[in-house]
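Computed from a prediction, not measured in an experiment: that's the story for all the values here.
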Amino acid sequence: MKLLQVAVLGAGRIGSYHVELLERQVEGIQVRGVYDLDRTRAQAVVDKFQLPRTYESVDEALGDEAVDVVLIASSTDQHATQIKQAAAAGKQIFCEKPIDLQLDAIDDALAAVKKHGVHLHVGFNRRFDRNFAEVKRLLETGAIGASHVLRITSRDPAPPPAEYVKVSGGIYKDMMIHDLDMARFLLGPDVESVTAFGSVMIDPAIGKAGDVDTAIAVLRYRSGAQAIIENSRQAPYGYDQRIEVHGEKGVLNADNMRDHTVTLGDRKGYHNPALPRFFVERYHQAYVNQFKAFVETLSRSGQPMPVSGEDGRAAVLLAEACTRSLKEGRTVRLEEFV
Ligand SMILES: NC(=O)c1ccc[n+]([C@@H]2O[C@H](COP(=O)([O-])OP(=O)(O)OC[C@H]3O[C@@H](n4cnc5c(N)ncnc54)[C@H](O)[C@@H]3O)[C@@H](O)[C@H]2O)c1
């Protein structure tokens with residue numbers, strides 16, 4: 001089978017990591033070249049992985065006839081434009097989350113994808129974590145009957161700098177977006193309303209930048225089920241990622257992942273291995289699984305992508321509803337957005 005050739009746009013934190021995964025961990029695909037606005041970054045990645053080339057511009061990358069897939073890992077404000085450009089060039093697209101911070105820009109990008117008949121996958125990697133995928137599988141088998149309450153706890157180890165927060169779109173679009181997508185993944189798309197709460201508990205500079213660092217959202221589904229999502233920008237004990245679904249006939253619990261399950265008991269108490277440091281350590285296998293699913297889907301042409309552009313839009317819409325709810329201090333019904 002022909003190897004899929006990828007042009008990577010953006011060689012920052014996640015872009016360079018994706019290159020490593022594609023080159024070393026995923027079969028059926030290889031990186032042909034890299035473009036970054038910062039040429040030294042692109043060159044460093046090309047050198048490190050001995051890739052065929054850097055590109056001088058997005059146009060040059062998209063004009064490369066050998067390229068089948070464009071992987072967009074540039075800063076968020078570039079995604080929608082680059083999706084439109086890649087679609088017009090007839091390339092298949094893998095885009096990091098979020099597609100954009102604004103729904104109008106997302107709609108334009110999705111219209112271009114549709115018009116040019118290409119496929120778009122949005123990088124909600126947590127869907128490919130084996131624990132959360134198992135929760136989903138068990139829910140689908142009816143193991144706990146109807147879902148009543150979903151709880152998602154998602155805490156970062158340390159807050160980002162205020163400069164980052166200023167352009168992030170706020171905690172709901174920047175951080176909770178993963179959990180909002182997870183709520184859709186596990187309980188489905190039929191969210192009726194959201195009520196969001198938030199406060200500044202960690203870094204006053206985050207408050208000055210117009211955001212909160214400790215956030216809760218309650219999603220109410222048409223079925224009556226409710227999802228409670230809790231985010232914190234700071235957990236000194238590590239990257240805390242847990243999910244529980246309480247249902248009619250039982251409960252499903254996906255606990256944190258640790259290196260091993262050995263508990264040491266001594267005079268000071270009982271001790272377990274520390275939590276993963278951050279997302280690369282915790283979700284490494286999920287990122288690999290995501291690329292494998294992407295490659296497999298592309299090889300069966302005509303199949304819908306594992307995470308569609310519409311999924312990407314829906315998560316941003318939920319995040320927008322949360323942002324509005326916090327700002328206006330009220331429950332926001334999703335029908336306000338149609
Ligand atoms: N799925 C995940 O778990 C996950 C994790 C981290 C980041 N992300 C997303 O990935 C994207 C990148 O995040 P990051 O942490 O790597 O940021 P980063 O700042 O480390 O990297 C972004 C890179 O994009 C480059 N860039 C800017 N404009 C460009 C353009 N027009 N064309 C090409 N490159 C351009 C910058 O020079 C930089 O190297 C963001 O949208 C972020 O939300 C997703």
Would you say [X] has more than 12 foreign heavy atoms packed within less than 6.0 Å of its [atom1]?
X: Arg151; atom1: CZ; answer: no
X: Glu328; atom1: CD; answer: yes
X: Arg39; atom1: CZ; answer: no
X: Lys292; atom1: NZ; answer: no
X: Glu248; atom1: CD; answer: yes

Give a yes or no on whether [X] and [Y] share a hydrophobic cluster (residues Ile, Leu, Val, Met, Phe, Trp, Tyr; joining criterion: side-chain heavy atoms under 4.5 Å apart).
X: Val212; Y: Val165; answer: no
X: Phe294; Y: Val288; answer: yes
X: Ile177; Y: Ile206; answer: no
X: Leu101; Y: Ile72; answer: no
X: Leu21; Y: Val8; answer: yes

Stepwise side-chain contact (heavy atoms from CB on, under 4.5 Å) test for Val6 and Asp68: CA-CA 6 Å; Val6 185; Asp68 308 294; over 6 Å; no
Chi angles and distances behind the side-chain contact (heavy atoms from CB on, under 4.5 Å) call for Asp100, Thr76: CA-CA 6 Å; Asp100 196 272; Thr76 301; 5.6 Å; no
Can you tell if the side chain of [X] reaches within under 4.5 Å of the side chain of [Y], non-hydrogen atoms only?
X: Glu320; Y: Phe337; value: yes
X: Tyr239; Y: Tyr283; value: yes
X: Val149; Y: Val245; value: no
X: Leu318; Y: Tyr172; value: no
X: Leu219; Y: Ile229; value: yes
X: Ile228; Y: Ile152; value: no
X: Glu96; Y: Leu71; value: no
X: Leu4; Y: Gln30; value: no

Closest contact, heavy atoms only, [X] versus [Y]:
X: Leu186; Y: Leu150; value: CD1-CD1, 3.9 Å
X: Leu326; Y: Gly198; value: CD1-N, 3.3 Å
X: Thr54; Y: Val46; value: CG2-CG2, 3.4 Å
X: Val34; Y: Val19; value: CG2-CG2, 4.4 Å
X: Asn131; Y: Ala254; value: CB-CB, 4.3 Å
X: Arg277; Y: Pro157; value: O-CG, 3.1 Å

For the residue pair [X] and [Y], confirm or rule out a side-chain donor-acceptor distance under 3.5 Å.
X: Gln241; Y: Arg155; value: no
X: Thr40; Y: Asp38; value: yes
X: Thr153; Y: Glu230; value: no
X: Tyr287; Y: Gln25; value: no
X: Ser74; Y: Gln82; value: yes

Between the main-chain N or O of [Y] and the side-chain N or O of [X], is there a donor-acceptor pair closer than 3.5 Å?
X: Asp213; Y: Asp203; answer: yes
X: Ser193; Y: Arg333; answer: no
X: Asp129; Y: Phe132; answer: yes
X: Asp108; Y: Ala111; answer: no
X: Asp240; Y: Ser154; answer: no
X: His260; Y: Val262; answer: yes

Steps toward salt bridge (Lys or Arg N to Asp or Glu O under 4.0 Å) verdict (Glu60, Arg53): CA-CA 11 Å; Glu60 192 186 16; Arg53 57 184 297 186; 2.9 Å; yes
Salt bridge (Lys or Arg N to Asp or Glu O under 4.0 Å) between Asp181 and Arg126, intermediate numbers included: CA-CA 9 Å; Asp181 179 67; Arg126 293 185 195 177; over 6 Å; no
Trace of the salt bridge (Lys or Arg N to Asp or Glu O under 4.0 Å) decision for Lys166 with Asp211: CA-CA 8 Å; Lys166 273 183 200 156; Asp211 201 4; over 6 Å; no
Plane angle bin for Phe128 and His121 - parallel if under 30°, tilted between 30 and 60°, otherwise perpendicular: tilted
Roughly how far apart are [X] [atom1] and [Y] [atom2], rounded to 0.5 Å?
X: Glu296; Y: Leu298; atom1: CD; atom2: CG; result: 10.5 Å
X: Leu9; Y: Ser75; atom1: CG; atom2: OG; result: 11.0 Å
X: Cys322; Y: Lys327; atom1: SG; atom2: NZ; result: 14.5 Å
X: Asn231; Y: Met175; atom1: CG; atom2: CE; result: 4.0 Å
X: Leu22; Y: Phe94; atom1: CG; atom2: CZ; result: 8.0 Å

Cation over ring face, Arg258 and Tyr237, 6.0 Å, 45°: no
Test side-chain contact (heavy atoms from CB on, under 4.5 Å) applied to Val69 and Lys91, step by step: CA-CA 5 Å; Val69 174; Lys91 309 293 187 191; over 6 Å; no
Of all pairs that satisfy salt bridge (charged side-chain N to carboxylate O under 4.0 Å, His left out), the ones with a partner from residues 12-35, not counting sequence neighbours: Arg32-Asp64
Which residues share a side chain to side chain donor-acceptor pair (under 3.5 Å) with His79, sequence neighbours left out: none
Trace of the salt bridge (Lys or Arg N to Asp or Glu O under 4.0 Å) decision for Arg233 with Asp174: CA-CA 11 Å; Arg233 290 284 196 185; Asp174 180 54; 3.0 Å; yes
Full working for side-chain contact (heavy atoms from CB on, under 4.5 Å) between Leu110 and Arg313: CA-CA 9 Å; Leu110 298 193; Arg313 183 189 193 277; 4.2 Å; yes
Other ILVMFWY residues reachable from Met201 by side-chain steps of under 4.5 Å: Ile202
Distance flag, aromatic centroids of His18 and Phe291, threshold under 6.0 Å: yes
